[in-house]
2 protein chains.
Amino acid sequence: MLSSQDVLFKALADPTRRAIFERLCRNGDQTVAALTVHAGVSQPAVSKHLGVLKQAGLVRDRHEGRQTHYCAQPRALAPLISWTSQMAGFWQSRFDDLEDLLKRMDQ
Amino acid sequence: MLSSQDVLFKALADPTRRAIFERLCRNGDQTVAALTVHAGVSQPAVSKHLGVLKQAGLVRDRHEGRQTHYCAQPRALAPLISWTSQMAGFWQSRFDDLEDLLKRMDQ
DNA sequence: CTCACTCATAACCCCCCGGTTATCGGTTAG
DNA sequence: CTAACCGATAACCGGGGGGTTATGAGTGAG
């Protein structure tokens, strides 16, 4: 079983891929050619990265004639945010428990 | 140059490593042996993972006799949270711009 | 002092992943 | 219709990363 966090973290672990996603978030709709210009890698590489991002639900594609436009789906970041806040939450709650314990000891 | 997000995403991209970090967040201080029991991999593998997490600032180690205790540092997740909210923010601002444009067109 | 225990490091292996070039299917321009 | 363009797929390659076993450094127990 591979969790949704796993897919997201793996998809965003690569710098090139993260840069592509970032660009789509900043500047909105982009064709593959436009993304390739700034990616620093070949067009097939960009296509592969877009495939991974699409599998992770981070982008959507739209065909328009012979071009393919991609756009970001930041909503897909939700599980990631959820996980991080959960981690921070666990830590906080353990801290609260300790504080609680200290208070009870104080009485 | 490798950004702090890069280190964090790469560190958390591996399921075994994420599980170790998660356990440290949930249950607090753990020795290497204790972590190894639940990790599903050998002790040297666990040590390597802990090394990566430590490099990323996600854990701290404390030597106590011949044992080494590790504890989570969820504060290190900050850049990750920052990045994700930034991505969502860009999207939101572009949305706001569009709304703004529509309002101006409406006049 | 010696032996057992805990963890880190070394040395090695294999597979996955990110890159490349070559090519193909689909689409539009001329 | 033909030729050029756009993007995805195929086939291949090299490096890195996660796994293992073996061993070493440091500490505590007896």
Side-chain angles (χ1 to χ4, degrees), chain A residues 1-3 5-24 27-73, chain B residues 1-24 27-72:
Chain A
M1 161 222 173
L2 81 169
S3 67
Q5 291 106 357
D6 207 45
V7 181
L8 284 177
F9 273 115
K10 278 190 161 48
L12 296 172
D14 181 72
T16 305
R17 215 145 48 209
R18 210 167 50 251
I20 291 175
F21 178 69
E22 202 164 327
R23 179 167 203 84
L24 286 174
N27 306 349
D29 246 46
Q30 303 272 329
T31 69
V32 175
L35 292 170
T36 301
V37 172
H38 306 92
V41 293
S42 66
Q43 172 266 311
V46 172
S47 277
K48 274 210 258 182
H49 284 307
L50 287 170
V52 175
L53 291 172
K54 186 179 170 186
Q55 285 297 93
L58 288 165
V59 300
R60 272 175 52 77
D61 59 345
R62 172 176 50 97
H63 297 284
E64 204 166 283
R66 53 183 169 184
Q67 320 203 52
T68 309
H69 292 256
Y70 282 85
C71 65
Q73 295 279 101
Chain B
M1 162 224 173
L2 82 169
S3 69
S4 79
Q5 292 107 356
D6 208 44
V7 181
L8 284 177
F9 273 114
K10 277 191 161 48
L12 295 172
D14 182 72
T16 305
R17 214 146 49 211
R18 211 166 51 249
I20 291 176
F21 178 70
E22 203 164 327
R23 173 166 277 275
L24 286 173
N27 306 348
D29 247 46
Q30 304 271 329
T31 69
V32 175
L35 291 171
T36 301
V37 172
H38 306 92
V41 293
S42 66
Q43 173 267 313
V46 172
S47 277
K48 272 210 261 182
H49 283 307
L50 287 169
V52 174
L53 290 172
K54 186 179 170 186
Q55 285 296 93
L58 288 165
V59 300
R60 269 175 51 79
D61 60 344
R62 172 176 47 99
H63 298 283
E64 204 165 281
R66 52 184 168 182
Q67 321 202 51
T68 308
H69 292 255
Y70 282 86
C71 65

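First the proteins, then the strands, lettered A, B, ... as listed; each starts at 1.
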Q) Once you round it to whole Å, what is the distance between P of dG7(D) and NE2 of His69(A)? A) 8 Å
Q) Do the side chains of Leu50(A) and Leu35(A) get nearer than 4.5 Å, heavy atoms only? A) yes
Q) Looking across every strand, which nucleic acid part, if any, lies under 4.0 Å from Thr36(A) by heavy atom: base, sugar-phosphate, or nothing? A) nothing
Q | Shortest side-chain distance from Thr16(A), nucleotide among dG19(D), dA8(C), dG19(C) | A | dG19(C)
Q: Take nucleotides 25-30 of chain D nucleotide by nucleotide from the 5' end and write B, S or -, depending on whether a protein heavy atom sits under 4.0 Å from the base, only from the sugar-phosphate, or from neither.
A: -BBS--
Q. Rounded to the nearest Å, what distance is computed from the NE2 atom of residue His49(B) to the P atom of nucleotide dG16(D)?
A. 18 Å
(Q) With a 3.5 Å distance limit and no angle check, can you tell me whether Arg60(B) reaches the backbone of Cys71(B) through a side-chain donor-acceptor pair? (A) no
Q: State whether Tyr70(A) places a side-chain N or O below 4.0 Å from either non-bridging phosphate oxygen (OP1 or OP2) of dA8(D).
A: yes
Q) Taking atom C1' of dG17(D) as reference, at what distance in whole Å does atom CZ of Phe9(A) sit? A) 18 Å
Q: Using a heavy-atom cut-off of under 4.0 Å over every strand shown, decide if Thr68(A) touches base, sugar-phosphate, or nothing.
A: sugar-phosphate
Q) Lys10(B) has an atom NZ; how far is it from atom C1' of dG16(D), in whole Å? A) 10 Å
Q) Taking the nucleotide of DNA chain D with the closest heavy atom to each, which residue, Lys48(A) or Lys48(B), is nearer the 5' end? A) Lys48(A)
Q) Ser47(A) side chain: which of dG19(C), dG18(D), dA8(D) is closest? A) dA8(D)
Q: Report yes if some heavy atom in the side chain of His69(A) is under 4.5 Å from a heavy atom in the side chain of Gln30(A); otherwise report no.
A: no
Q.
Would you say that Phe9(B) contacts Arg18(A) through its side chain, given a criterion of any heavy-atom pair below 4.5 Å between the two side chains?
A. yes
Q: Quickly work out the Gln43(A) CD to dT20(C) P distance and round it to whole Å.
A: 11 Å
Q.
In whole Å, I'd like the distance from the CG atom of Asp6(B) to the C1' atom of dG18(C).
A. 14 Å
Q: Look at the side chain of Thr31(B) and decide which nucleotide, out of dC7(C), dG19(C), dT21(D), has an atom nearest to it.
A: dC7(C)
Q | Residue pair Lys48(B) / Ser42(B), side-chain heavy-atom distance below 4.5 Å | A | no
**Q.** Validation row: Thr68(A), Thr31(A) side chains within 4.5 angstrom (heavy atoms)
**A.** no
Q.
What is the separation between atom CG on Asp61(A) and atom P on dC6(D), rounded to the nearest whole Å?
A. 18 Å
Q. Looking across every strand, which nucleic acid part, if any, lies under 4.0 Å from Ala33(A) by heavy atom: base, sugar-phosphate, or nothing?
A. sugar-phosphate
Q: Decide yes or no for Lys54(B) and Leu58(B): does some side-chain heavy atom of the first lie under 4.5 Å from some side-chain heavy atom of the second?
A: no
Q: Whole angstrom is fine here: how far is it from NE2 in His63(A) over to C1' in dC5(D)?
A: 16 Å
(Q) Please classify the nucleic acid contact of Gln67(B) as base, sugar-phosphate, or nothing, using heavy-atom distances under 4.0 Å. (A) sugar-phosphate
